[in-house]
K.L.:
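Starting off with a structure, shown below.
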Protein chains: 2
Amino acid sequence: MTSTDSADSAAQKAPAKAPAKDPWDLPDVSGLVVGVLGGTGPQGKGLAYRLAKAGQKVIVGSRAAERAVAAAEEIGHGVEGADNAETARRSDVVIVAVPWDGHAKTLESLRGELSGKLVVDCVNPLGFDKKGAYALKPEEGSAAEQAAALLPDSRVAAAFHHLSAVLLQDPEIDEIDTDVMVLGEERADVEIVQALAGRIAGMRGVFAGRLRNAHQVESLVANLISVNRRYKAHAGLRVTDV
Amino acid sequence: MTSTDSADSAAQKAPAKAPAKDPWDLPDVSGLVVGVLGGTGPQGKGLAYRLAKAGQKVIVGSRAAERAVAAAEEIGHGVEGADNAETARRSDVVIVAVPWDGHAKTLESLRGELSGKLVVDCVNPLGFDKKGAYALKPEEGSAAEQAAALLPDSRVAAAFHHLSAVLLQDPEIDEIDTDVMVLGEERADVEIVQALAGRIAGMRGVFAGRLRNAHQVESLVANLISVNRRYKAHAGLRVTDV
């Protein structure tokens with residue numbers, strides 16, 4: 001057991017600094033184009049739907065453009081579909097919602113198109129057996145750190161790991177009762193992702209550390225799957241006292 | 001991104017079973033004696049205070065009996081103090097709230113006393129540097145799995161990882177706004193720990209998987225420390241839709 005407060009006391013001993021910026025003073029992201037790689041899967045589709053419904057311009061990407069176009073038509077709300085490369089090229093922010101086993105290959109093949117973009121990794125490396133889900137540990141530490149290693153010319157953040165595709169896609173559900181943990185190295189990038197999450201009804205984007213602490217956030221999905229089984233729920237997470 | 005719902009659909013395809021037990025039908029634990037190893041540290045003391053205030057019989061343990069007795073007097077609410085061995089011997093449930101660097105040694109030295117007991121590990125293996133906290137990966141997978149390996153004759157669960165010692169110890173705070181993720185192999189043991197967590201005002205104990213998924217729960221404290229720094233908060237976690 002380690003006190004979660006311990007870093008606070010260390011910070012209190014640091015020399016006086018300029019007043020801290022309000023952590024809820026987030027940028028206006030309404031003009032950004034958001035691409036979703038893996039946008040034809042349940043999570044990617046659900047996220048595209050929620051962002052587009054909130055007024056964001058969204059492009060869903062897939063390996064095959066026609067599948068992406070079909071998914072986009074199904075989602076509505078002005079969503080467009082394109083192949084992954086065009087999706088990356090035309091977007092300011094690119095959400096990576098592909099299956100873990102295609103993660104490295106997909107990103108490597110799009111290194112050029114993703115150059116200069118804000119890449120938001122939401123991939124959860126998990127294995128499954130009879131006892132349920134368990135965490136896989138990528139060589140780089142986490143899916144997000146793998147993305148950062150493969151995309152040296154992109155800005156990489158991690159977020160949107162703990163969402164239920166069922167809830168995201170259900171048009172009867174107006175609000176998703178969950179916070180989104182956002183991780184990254186650059187505060188400006190993290191704040192863009194927080195602001196995007198905050199556009200979805202019910203959600204808040206909460207800064208939750210650097211990419212070196214992404215593994216536990218990604219693999220916590222294994223625990224939420226256990227929660228969902230036991231309680232027949234679509235569990236999310238709220239950070240309290242924030 | 002992996003759907004947290006995926007296990008649900010697998011479960012739905014399974015053959016029909018007897019009606020599932022209500023996951024909130026938890027045992028009466030009011031008669032159990034709870035020992036807290038590391039009960040003179042801020043987290044251990046805070047947890048002892050909250051449990052004793054809720055009516056639980058609590059013994060705080062320390063290497064030196066006199067330090068434990070002094071801590072117990074400070075806590076009040078009928079808490080007793082003893083050395084770690086006596087604490088373990090006299091308790092039904094033993095919470096392990098020692099620092100990570102003393103974890104293995106403490107448990108090894110108490111193997112006999114902890115035999116047959118329900119041991120609840122709440123240790124978070126973390127490292128700290130200038131960038132803040134980061135996860136340490138124990139050879140056994142997690143602190144809880146290390147405890148299970150070192151204590152073959154005990155029943156090991158994991159819980160109480162995400163609590164703020166400041167909030168726990170503050171007598172002005174009546175309720176702690178957080179859920180407690182409880183992990184373990186045996187449902188009956190997990191339910192005892194859930195019930196104990198549920199005795200503390202504001203808390204619920206929520207089943208969150210097997211011990212092989214304890215590492216991410218333990219190391220998520222690194223992320224909560226980042227949250228606390230950014231938001232000047234004492235963050236906790238709520239599981240939504242449960």
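Naming convention: chains lettered A, B, ... in sequence-line order (proteins, then strands); numbering from 1 in each chain.
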K.L.:
Looking only at heavy atoms and a cut-off of under 4.5 Å, which of Gly38(B), Gly41(B), Ala208(B) has the most pairs with chain A?
P.N.:
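Maximum pair count with chain A is reached by Ala208(B).
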K.L.:
Looking at Asp179(B), Val217(B), Asp22(B), Leu183(B), which one has more heavy-atom pairs under 4.5 Å with chain A than the rest?
P.N.:
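Most pairs with chain A among the choices: Val217(B).
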K.L.:
Pick one of side chain, backbone, both or neither for Ala133(B), based on which atoms fall under 4.5 Å of a heavy atom in chain A.
P.N.:
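Only the backbone of Ala133(B) comes within 4.5 Å of chain A.
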K.L.:
Can you sort out the partners of Arg210(A) under side chain to side chain contact (heavy atoms under 4.5 Å, CB included), two or more places apart, ordered by chain and number?
P.N.:
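Residues passing side chain to side chain contact (heavy atoms under 4.5 Å, CB included) with Arg210(A): Glu185(A), Arg212(A), Lys131(B).
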K.L.:
I'd like to know which of Thr240(B), Asp241(B), Val242(B) tops the heavy-atom pair count under 4.5 Å against chain A.
P.N.:
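Heavy-atom pairs under 4.5 Å are most numerous for Thr240(B).
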K.L.:
Just jot down the ring pair (Phe, Tyr, Trp, His ring centres under 6.0 Å) partners of Tyr49(B), sequence neighbours excluded, or say none.
P.N.:
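Here the qualifying residues are His77(B).
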K.L.:
Please check if the side chain of Ser91(B) supplies one atom and the backbone of Val94(B) the other of a donor-acceptor pair under 3.5 Å.
P.N.:
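Pair absent, no side-chain N/O of Ser91(B) close to backbone of Val94(B).
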K.L.:
Nearest 0.5 Å please: distance from the CD atom of Glu172(A) over to the CD atom of Gln169(A).
P.N.:
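So the CD of Glu172(A) and the CD of Gln169(A) are separated by 14.0 Å.
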